[in-house]
**Student:** 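The structure that follows is given in the form of structure tokens.
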Amino acid sequence: MSPDADLTYRALLQPEPRDAADLARELGMSRPRVQAAVDELVALGAVSAEPGALQPAPVDVVLTRLRRPRRAPVAERAGEQWRRHVAAVDGLGSLAAASVRRWSRASARRRAAQLVEIEQYEHLAINTEEVFTAESLSAARPLDRALIDRGVRTLVLERPPLDGDRGVPARSVADIPEGAYRQADDVPLKLMVFDRRVAFFPADPLNFEHGYVEVADPVAVARCCALFSRLWAAGHDPFRRGVAPVEVSERERRLLSLLAAGHTDISAAAGLGISPRAVSYTMRALMDRAGVDNRFQLGLLLGATGTVRPDFYQRD
């Protein structure tokens, strides 16, 4: 990672919660410079952009991501991105002026929140970003959670991440139900469709600060839904063989082996030369990373993904 991102991550590892403004003051860096570092960390998976504070991922997780071989990023040319966007919009047909509204980006976020609040049965989303900023993630996650908590069917389609790691979503999809997330290479238009009544897409695909367009024309919205269905059918679920693999460090692997062999937290701690409390913290961190609630679920997940295999289970 860049020196700014490295310094920012180290600062976030301190116990007090921080946001970008706190970091800028503490590190003596400009706010845009800190924000760029935070965005780099979010793209790497080293930081989660929860509302109110930035949460760093465990060091072992970050080191594993950094060591993983990656394809050199190849971004789509701006001209091609614009051409595909315009072609997709043209495919919606002629739009009646009364059915189209233009919003600034800030106003579009407020308007999207209003539409989410009244959605009843379905939310369709296409994301063309290959890397998400901390700001956009922080704004999107509460809306995603609100929809899912109300039982609204939510389908999310994205491009694979810019680094080509198809096993890792371009943004966190921990809240999206299984089978409701896919990736596709051919994604021409960033799009949201609310209850098949209203469609949202950016006015300029190269600069979202230029605002969004809201369309309520029934024919145009139906074509947006048809576009989504076609892209969804051509997409793939990166976790279709089960769940995302859980990366574990060597120490975590040794701990899991001891516990699987029947050791208690106390005896496993003694075998590793750590405190029982460190065992509890390590297991809690593993459960949080795996998205499970207890050790039994964690064991099922690790066994299903082959993260820890029976030949590691040895009694002392």
Side-chain angles (χ1 to χ4, degrees), residues 8 17-25 29-43 47-55 78 81-82 85-86 88-89 92 95 97-119 123-150 152 154 156-159 170-173 175-176 187-195 197-217 220-221 224 228:
T8 300
R18 292 168 171 79
D19 59 17
D22 295 329
L23 288 168
R25 287 191 295 270
M29 295 162 56
S30 68
R31 180 68 179 272
R33 186 174 163 188
V34 169
Q35 192 61 59
V38 169
D39 290 342
E40 180 182 343
L41 292 168
V42 168
V47 165
S48 62
E50 297 296 335
L54 299 167
Q55 300 295 331
Q81 189 175 353
W82 177 264
H85 171 91
V86 171
V89 174
L92 303 182
L95 302 176
S99 71
V100 177
R101 302 172 73 178
R102 177 76 177 266
W103 301 93
S104 68
R105 189 174 191 185
S107 297
R109 284 179 174 167
R110 292 192 291 270
R111 175 58 174 161
Q114 293 173 352
L115 292 169
V116 163
E117 190 173 337
I118 61 175
E119 270 187 298
H123 181 85
L124 308 178
I126 299 176
N127 295 313
T128 55
E129 300 97 318
E130 287 145 327
V131 174
F132 287 85
T133 66
E135 180 186 10
S136 63
L137 284 176
S138 182
R141 281 175 179 162
L143 300 183
D144 291 343
R145 289 170 183 157
L147 288 168
I148 294 164
D149 288 346
R150 294 205 316 271
V152 176
T154 303
V156 177
L157 180 68
E158 293 181 344
R159 285 183 173 178
R171 69 167 183 166
S172 172
V173 294
D175 294 325
I176 304 299
V187 179
L189 180 72
K190 181 175 176 64
L191 177 70
M192 287 187 289
V193 182
F194 304 85
D195 274 345
R197 296 184 302 106
V198 176
F200 248 51
F201 53 83
D204 182 350
L206 306 180
N207 188 347
F208 295 159
E209 295 299 330
H210 290 171
Y212 280 71
V213 176
E214 175 183 338
V215 177
D217 177 73
V221 173
C224 287
F228 182 92

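Keep in mind that this is a model prediction, so the values were computed, not measured. Sequential numbering from 1 along the given sequence is applied to the chain's residues.
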**Student:** Going from CG on Leu115 to CE on Met192, what distance comes out if it is rounded to the nearest 0.5 angstrom?
**Tutor:** 8.5 Å
**Student:** Looking only at heavy atoms, what is the nearest atom pair of Phe201 and Lys190, with distance?
**Tutor:**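 Taking Phe201 first and Lys190 second, the nearest heavy atoms are CB-O, 3.2 Å.
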**Student:** Show your reasoning for whether side-chain contact (heavy atoms from CB on, under 4.5 Å) applies to Leu191 and Cys224.
**Tutor:** CA-CA 8 Å; Leu191 177 70; Cys224 287; 4.0 Å; yes
**Student:** Can you tell me how far the OG1 atom of Thr128 sits from the CZ atom of Arg159, to the nearest 0.5 Å?
**Tutor:**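 If we round to the nearest 0.5 Å, Thr128:OG1 and Arg159:CZ are 6.0 Å apart.
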**Student:** List the atom of Phe194, the atom of Ala112, and the distance in Å for their closest heavy-atom pair.
**Tutor:** CE2-O, 4.0 Å
**Student:** Okay, side chain of Asp195, backbone of Arg197: is any donor-acceptor separation there less than 3.5 Å?
**Tutor:** no
**Student:** So, for Ile126 and Leu189, which heavy atoms are closest and what is the spacing to 0.1 Å?
**Tutor:**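 Between these two residues, the closest heavy atoms are CG2-O, 3.2 Å.
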**Student:** Between atom CZ of Arg111 and atom OG of Ser104, what is the distance when rounded to the nearest 0.5 Å?
**Tutor:**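 Spacing of CZ (Arg111) from OG (Ser104) equals 13.0 Å.
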**Student:** Restricting to non-hydrogen atoms, name the atom on Ala203 and the atom on His210 that form the minimum distance, rounded to 0.1 Å.
**Tutor:** CB-O, 4.1 Å
**Student:** Identify the heavy atoms of Glu119 and Arg150 that sit nearest to each other, and give their distance.
**Tutor:** O-NH2, 2.8 Å
**Student:** For Val215 and Val221, which heavy atoms make the closest approach, and how far apart are they?
**Tutor:**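 Val215 and Val221 have their closest heavy atoms at O-CG2, 3.6 Å.
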**Student:** Got more than 12 heavy atoms from elsewhere within 6.0 Å of CD, Glu117?
**Tutor:** no
**Student:** Could you tell me the separation between the CG atom of Asn207 and the CZ atom of Arg105, rounded to the nearest 0.5 Å?
**Tutor:** 8.5 Å
